[in-house]
Amino acid sequence: MQRRTLAASLLLTLAAWSLPVAAQQQIVIKFSHVVARNTPKGEAAERFAQLAAAKTGGRVKVEVYPNSQLYKDKEEMEALQLGAVQMLAPSLAKFGPLGVKEFEVFDLPYIFDGYDALHRVTNGPIGKDLLKRLEPKGIIGLAYWDNGFKDFSANKPLKTPADFKGLKMRIQSSKVLDSEMRALGANPQVMAFSEVYQALQTGVVDGTENPPSNFYTQKMHEVQKYMTQTGHGYLGYAVIVNKKFWDGLPADVRAQLEDAMAQATRYADAVAQKENADALEAVKKSGKTQVLALSPAEKTELKKVLLKVHKEQESRVGAELIKAIYKETGFNPANP
Ligand code: LMR
């Protein structure tokens, strides 16, 4: 009897040894985010999951939870720090509550004249230095992922600053965005992304700002009559991971995941422009939201009002940081 038990346990041990590594000790990464799957961030997260599985031979399983299904904006940051999820990609406008307010520099209106200027910052020393600032918070910044440039929307045409007067406009948690809306005479309201559709539908807020991809995939075109192609500000993400979790990974796995992330990042940046162009077309085709363009004079007027936010927010994000970005991109606020 005793001998049989010993033989059985020996067999079990041998069976366990012969199992693939993946089945023995699979590492699970919960990756939570707030947008739809068919968005730049949603697609890139899925691509990262595929690459992580392939590069680690199935040892790492990335479970992607889209659309605030697991956590809303504020909760997901807390969940990451507590280790309830391992990976997120919050918008750069959402790091203020964490105490890293310098990321709000990306929210300054018209600071990036397109993706190329933006990438000079995110792919260079400024971008790296900003990610480093997350470490004391128990977070490692792995990459920047693009979304796109934001447009304003409301149930009335928004073409001049006067059109914004008194409107309740939903914003992300950034103080720079608060200042942007105030510069236009609007009343900014911070709200989780998952609540925006309903807030627009019920009139809790009158309007908002988003790249076309977020606008369309959250069905905001059903509840906003006008969108103005202002492209006045950038929306992008930092992919972040719980530091304790990341540091605790076997070195070979970490290297494979870094490789997967580098590839997913190239993919994210490549799909972002297409997703936004397609979404804009879909909004137009829906016939529900009228898409407006600014005349050169209107654009100049809007820019003039919004550029004041750069000076105003120096104390929030750092005058030196703003100057360094101007230098990197060649932006001249006196001659924008
Ligand atoms: C928003 O809250 O408007 C965006 O940050 C959502 C997102 O993650 O793209």
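Any value given below was found using the heavy atoms of this structure, including those in side chains, with hydrogens, waters and symmetry copies removed. For ligands, and for the atoms within them, numbers begin at 1 and follow the listed sequence.
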Can a donor-acceptor pair be found between the side chains of E312 and S179 at a distance below 3.5 Å? yes

For this session: Classify the side-chain pair Y71/E78 by whether it contains a donor and acceptor separated by less than 3.5 Å.
Result: no

Below 3.5 Å only, please: the N or O atoms of ligand 1 paired with protein N or O atoms, distance on each line.
| unit_1 | atom_1 | unit_2 | atom_2 | d |
| --- | --- | --- | --- | --- |
| ligand 1 | 2 (O) | K94 | NZ | 2.7 |
| ligand 1 | 2 (O) | R170 | NH1 | 3.4 |
| ligand 1 | 2 (O) | R170 | NH2 | 2.8 |
| ligand 1 | 3 (O) | R170 | NH1 | 2.7 |
| ligand 1 | 5 (O) | K94 | NZ | 2.9 |
| ligand 1 | 5 (O) | Q172 | OE1 | 2.6 |
| ligand 1 | 8 (O) | K41 | NZ | 2.7 |
| ligand 1 | 9 (O) | N214 | ND2 | 2.9 |
| ligand 1 | 9 (O) | Y237 | OH | 2.5 |

(message) Before we go on, tell me: are the rings of F331 and F112 under 6.0 Å apart, centre to centre?
(response) no

*Tell me, do I322 and V317 make a side-chain contact under 4.5 Å, heavy atoms counted?*
yes

**OP:** Kindly check if the number of other-residue, nucleotide or ligand heavy atoms within 6.0 Å of CG (D113) is above 12?
**Re:** no

Check: How about R170 and N210: do any of their side-chain heavy atoms sit closer than 4.5 Å?
Finding: yes

